[in-house]
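First comes the structure, then the notes that go with it.
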Number of protein chains: 2
Amino acid sequence: MRVVKSAEERKNEILDVAEQLFAEKGFDNASTNDIIKQIGIARGTLYHHFSSKEDILDAIVERITRNGIARARAIISNTDMPLQERLTGAVLALNISGEAGEEVFEQIHKPQNALLHQKMQERLLGGVVPLIAALIEEGNRSGIFESEYPAEAAEMIMIYASAAFDEHLDLKAEEIERKGRAFILHIERILGAEEGILREAIMKILLRQMKSAERKKAGTEKEEKQRRTHRKPCREGKRSDP
Amino acid sequence: MRVVKSAEERKNEILDVAEQLFAEKGFDNASTNDIIKQIGIARGTLYHHFSSKEDILDAIVERITRNGIARARAIISNTDMPLQERLTGAVLALNISGEAGEEVFEQIHKPQNALLHQKMQERLLGGVVPLIAALIEEGNRSGIFESEYPAEAAEMIMIYASAAFDEHLDLKAEEIERKGRAFILHIERILGAEEGILREAIMKILLRQMKSAERKKAGTEKEEKQRRTHRKPCREGKRSDP
DNA sequence: AAAAGATTGACCGACAATCTGTCGGTTACG
DNA sequence: CGTAACCGACAGATTGTCGGTCAATCTTTT
């Protein structure tokens, strides 16, 4: 019954389960017992790989944010695109964040997961704000922006972006759209850009994303349904392993 | 040995101790045992007045934010002052927030207290953003602002205000000042106000505050020292009422 | 109106059920 | 044969519950 795996493999296994569990029940409500039971390992094994429960959380945050930051960095350093699109693209890359952390992002904003939320925001801000600031300075030089405080402007933009759209859950589509338009306009004003310049950039990006989403739509449908029914395990405890 | 008090009295007593403890050690690290031991009541008594530990936290958040919101509301509705000063005054009223919650505010931003932080921010935003939005609309009508999205602008301002100055702890004075200047400039831009108009308003308010602080400096000196040494009670319990 | 009884709600403290992190020992792999 | 993954019992601590106590207040009775 004893299965030995490489440290890296087992670590990822733990992170996978923990991520799902934290997102499902919240960091406090999901116990380390839940984790080890679902994987089928012993208590000692968990603590052989991670020094504490919070250590696991940190690793999860690191894993999720790494992708988003890398994506943003890639977009920013792609000097083929015009500056406006690089800026808006980078900001979008962090929030929409498909694939991996989607389930986490859905549940992250509940009061339960305040810690997770804060840690992700911290890391996201620390990693991306400097890049955005550099971008703004570049815009200053090229004349499309006119910002006296690039670093602070970048911070303001990112903080708002990562905090304002938390309430998505109980917001209607039209409100979200209005909020998005307001956000773009305000960014333009903060950066001293010509009005409408970022709006255009964002439209281009979204169009591009919609097209690529269209392309791989077929395979997604089944997964969607499965995820919805899976929600809560319901029957817990009552272990009977002879 | 059994001391009976009115429910309200006892509740406040619990909140006082809990607030101090949460601020000192963080919500998770402070246990309900710490609370009841320091007050000298039994477990059952605590849970007679509050249904859970989190319920206590909610009550604390409510108590603290109530003051700040009331202060902001008072400033906003004081139509004797010019609009600019009411706006900046209201924003300042929430963050500086002297007296009551000061000790809490000092400790609130540590990763330990993510939950407290989030709950306070939520309540603060929900309570004040509508007021600020109304103020912006008033400014639109009187011609000093030109904002197409007053509600969203207010939200952006408040979110940034309550999140950006979290790192005060490890920031140098000059950085804070720079950040403050940038913040004001960015607000002016977001609201489409004439540049410098809010800067002036803030200077007036700060001057006024400094003066009033000067006035009651004499009586405060003793208290100040007392409070500093008071920090940790150290000797707990040991009540002897014959 | 005073005494006796009943009701209410603050208060108590033992207890169940968890949860986290530790530690000495075991087993598989290189 | 040593290192590192793995195990599971255990200590210590925490939250919330529950039946029961006690004092103050209201009601009834004499």
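All chains are named by letter (A, B, ...) in the order of the sequence lines, taking the proteins before the strands, and each is independently numbered beginning at 1. Fair warning: this is a prediction, and the values are worked out from it, not measured in the lab. As a basis for the values below, the full set of heavy atoms in this structure was taken, side chains included, without hydrogen atoms, waters or symmetry mates.
Closest approach to the A/Arg2 side chain among C/dT22, D/dG16, C/dT26 is made by C/dT26 (side chain taken as heavy atoms from C-beta onward). In the set D/dG16, C/dA10, D/dA5, the nucleotide with an atom closest to the side chain of B/Ser52 is D/dG16. Picking from D/dA5, D/dT15, D/dC7 the nucleotide with the shortest atom distance to the side chain of B/Thr32 gives D/dT15. Comparing C/dC19, C/dC11, D/dT14 by their nearest atom to the side chain of A/Asn33 picks out C/dC19. Among the nucleotides D/dT14, D/dC7, D/dC6, the one closest to any side-chain atom of A/Val4 is D/dC6.
Geometrically, A/Lys179 does not engage B/Tyr149 in a cation-pi contact, judged by NZ or CZ lying under 6.0 Å from the ring centre and within 45° of the ring axis.
A/His48 places its NE2 atom 17 Å from the P atom of C/dT27, with the value rounded to the nearest Å. In this structure, B/His49 places its NE2 atom 16 Å from P of D/dG16, rounding to the nearest Å. Look at CG on B/Leu46: it is 16 Å from P on D/dC18, rounded to the nearest Å. Atom pair A/Glu54:CD and C/dC19:C1' shows a separation of 16 Å (rounding to whole Å applied). Computed from coordinates, the A/Glu9 CD to C/dC29 C1' distance equals 14 Å when rounded to whole Å. When the C1' atom of D/dA4 is taken as reference, atom CD of A/Glu8 falls 16 Å away, rounded to whole Å. Here D/dC7 presents its C1' atom at 16 Å from NZ of A/Lys37, a figure rounded to the nearest Å. Taking atom CD1 on B/Ile39 and atom P on C/dA10, their separation rounds to 15 Å, with Å as the unit.
Each of B/Arg10 and A/Ala30 has a nearest nucleotide on DNA chain C; the 5'-most of these lies closest to B/Arg10. Map A/Asn29 and A/Ser51 each onto its nearest nucleotide of DNA chain C; the residue landing nearer the 5' end is A/Asn29.
Side-chain contact between A/Glu54 and A/Lys119 is present, with at least one heavy-atom pair separated by less than 4.5 Å.
Judged purely by atom type and a 3.5 angstrom limit, A/Asn78 has no side-chain atom pairing as donor or acceptor with the backbone of A/Ala74.
Nucleic acid contact for B/Ser6: none, since no nucleic acid atom lies under 4.0 Å from a heavy atom of the residue.
A salt bridge between B/Arg63 and B/Asp16 is present, with a side-chain N of the basic residue lying under 4.0 Å from a carboxylate O of the acidic one.
Between B/Tyr47 and D/dG16, a side-chain N or O to OP1/OP2 separation shorter than 4.0 Å is present. Between A/Thr45 and the phosphate of D/dA5, there is no side-chain N or O to OP1/OP2 separation shorter than 4.0 Å. When the side-chain nitrogen and oxygen atoms of A/Arg43 are compared with OP1 and OP2 of D/dC7, none of them lie within a distance under 4.0 Å.
Using bins of under 30°, 30° to 60° and over 60° for the plane-to-plane angle, the ring pair A/Tyr160/A/Phe183 lands in the tilted bin.
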